[in-house]
Amino acid sequence: MFSASDRIHMSEALRLAKNGLYTTSPNPRVGAVVVKDGEVIGSGWHRKAGEPHAEIHALSGIDAKGAEIYVTLEPCSHHGRTPPCADALIAAGLSRVVVAMEDPNPLVSGRGISRLKDAGIRVECGLLEAEARALNVGFVSRMTRGRPWVRMKVAASLDGKTALSNGQSRWITGPAARRDGQRFRARSCAILTGIGTVLNDDPQMNVREIGTERQPSKVIVDSRLRIADTAKILEGGAIVATVSGDRERVEKLAGQGVEVLFMPGNGGRVDLLALLNELGRRGINELHVEAGEELNGALLSAGLVDEIVTYLAPVLLGSRARGMFGIPELEAMDKKISLEILDMRMVGKDLRVIGRPDV
């Protein structure tokens, strides 16, 4: 169905889409390539929400009549912040549209392809679909499950410890691993942490060392509103999820530009699924978790972790140091949480392992 040249052009469209890795939120990352008589005559990618989509950039300033376009996501068919891309492709007189994947957005799914076909344009879908889905795993998650893709980052010693018993954790891994971790922060829509990490480390939880014009939102799970007014993570605004009704604390935090989000509680703790659903409603595609063993364990035990990025440093911290996941003691091996390992590589002197829980 697809030729070698089709794969080359779609690969280029995917490469272009990656240019929007840090900027398109809450929109998907999309690239497009226009080919006429075997030559590329136009290309583009979606840069940020509210600006023209990839197809419009690719068609700009060219005569595309009779040409083919390769696009990594089904052209939109509805009026959002911008007009429908399907209409633009029809008006351009394209003869063929090759799509990597259908749009999971219920407002679009299948409709853009149908509109193109109704206009007499040949449409083929599914070329390099797995790669396209991987690029927009968070957008797909939000559209199909109503919640973000949860990527948990953990830095640990070789014996699986994330901090000393007194809470000290800087620095277990080396500078190369820390820079690599910044890239995962940068591609996320929001960063989630727990009050324990805030109290122990007073982190900023922002993107550094990576060129990006957009900082992810910051979300803190703080069931009892113990966060200090001077916490660095609150600088520039943040969301604090809580079950506490302490009006004085709420008003003080609100005066600092902090949103206090009241969530349903289980045993005095924030309902994490409800929190993820709320973040999904707010357009959060990828949620990057950097937290301590308690919140890590709670998310993992609830089946809410989609991907774990672990950096293992060639050091040992001993049995009394803090672990990676605070999960209940297992009484049988058939209760273990199994992972599918997707990637293993050295990053500087540290080993990076990316895995997904088997479900």
Side-chain angles (χ1 to χ4, degrees), residues 13-34 42-62 64 69-92 94 97 99-113 115-116 132-133 135-144 146-149 183 185-191 206-207 210-219 236-239 257 259 278-288:
L14 285 164
R15 187 193 67 80
L16 289 167
K18 291 177 183 177
N19 288 327
L21 194 65
Y22 304 151
T23 62
T24 63
S25 175
N27 286 1
R29 299 130 182 167
V30 183
V33 172
V34 181
S43 63
W45 68 90
H46 182 47
R47 291 172 170 83
K48 76 170 58 168
E51 294 190 2
H53 290 183
E55 300 94 317
I56 307 306
H57 283 298
L59 292 170
S60 179
I62 64 171
I69 189 169
Y70 297 80
V71 60
T72 60
L73 187 69
E74 176 183 0
C76 64
S77 58
H78 69 292
H79 282 270
R81 298 186 187 182
T82 58
C85 290
D87 290 354
L89 300 186
I90 294 169
L94 291 160
V97 177
V99 179
M101 62 173 286
E102 287 190 14
D103 194 327
N105 185 345
L107 294 174
V108 178
S109 187
R111 293 180 175 86
I113 291 174
R115 184 175 295 191
L116 294 169
R133 284 186 172 275
L135 183 62
N136 284 305
V137 66
F139 182 74
V140 173
S141 175
R142 181 166 66 87
M143 289 297 157
T144 59
R147 57 184 173 89
W149 180 265
R183 283 190 279 272
R185 277 190 187 181
R187 67 175 289 166
S188 67
C189 303
I191 299 172
N206 57 7
V207 177
I210 302 294
T212 177
E213 59 191 65
R214 178 189 64 85
Q215 286 287 340
S217 301
K218 294 172 288 187
V219 185
I239 299 171
E259 178 185 359
E278 175 60 26
L279 295 178
R281 283 191 287 272
R282 294 176 179 226
I284 301 299
N285 293 332
E286 294 184 22
L287 181 66
H288 179 86

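Heavy atoms only: backbone and side chains are in, while hydrogens, waters and symmetry mates are out.
- Of the charged side-chain nitrogens involved, at least one lies within less than 4.0 Å of a carboxylate oxygen, so that R115 and D87 count as a salt-bridged pair.
- Expressed to the nearest 0.5 Å, how far CG of N27 lies from CG of N105 amounts to 9.5 Å.
- Closest of all the heavy-atom pairs between P75 and L116 is CG-CD1, 4.1 Å.
- In terms of heavy-atom proximity, E74 sits nearest to D103 at OE1-N, 3.0 Å.
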Given the rule in the side-chain contact (heavy atoms from CB on, under 4.5 Å) test, do L21 and L135 qualify, once you have shown the distances and angles that lead to the verdict?
CA-CA 8 Å; L21 194 65; L135 183 62; 4.1 Å; yes
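- I210 has its side chain out of reach of R185: every pair of non-hydrogen atoms, C-beta onward, lies at least 4.5 Å apart.
- Of the possible donor and acceptor atoms, one in the side chain of R111 sits under 3.5 Å from a partner among the backbone N and O of P106.
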Walk me through it: do I284 and R142 pass the test side-chain contact (heavy atoms from CB on, under 4.5 Å)?
CA-CA 7 Å; I284 301 299; R142 181 166 66 87; 5.7 Å; no
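- P104 has its side chain within reach of L73: a pair of non-hydrogen atoms, C-beta onward, lies under 4.5 Å apart.
- Put simply, the side chain of R214 gets close to the backbone of A186: a donor and an acceptor are under 3.5 Å apart.
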Go through Y22 and R183 one step at a time and tell me if the side-chain contact (heavy atoms from CB on, under 4.5 Å) criterion holds.
CA-CA 9 Å; Y22 304 151; R183 283 190 279 272; 3.5 Å; yes
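- Side-chain N or O atoms of S188 include none that pairs as donor or acceptor with a backbone N or O of E286 at under 3.5 Å.
- Shown here are the side chain to side chain contact (heavy atoms under 4.5 Å, CB included) partners of N136, two or more places apart in sequence or in another chain: P28, R29, F139.
- Of all the heavy atoms in S77 and P84, the pair that sits closest is C-CB, 3.8 Å.
- Counting heavy atoms from C-beta on, the side chains of S109 and M143 never come closer than 4.5 Å.
- Atoms CD and NZ, on E259 and K218 in that order, are 14.0 Å from each other to the nearest 0.5 Å.
- In terms of modelled atom types and a separation under 3.5 Å, the side chain of E51 and the main chain of T24 share no donor-acceptor contact.
- Closest approach of V34 and L59 over heavy atoms only: CG2-CD2, 4.1 Å.
- Residues H46 and A54 approach most closely at N-CB, 3.6 Å, considering heavy atoms.
- Here the NZ atom belonging to K48 is positioned 11.5 Å from the OG atom belonging to S25, to the nearest 0.5 angstrom.
- Residue T23 holds its OG1 atom at 9.5 Å from CH2 of W45, rounded to the nearest 0.5 Å.
- Annotation: side chain of H53 is in contact with side chain of C76 (closest heavy-atom distance under 4.5 Å).
- Closest heavy-atom contact between A17 and T72: CB-OG1, 4.2 Å.
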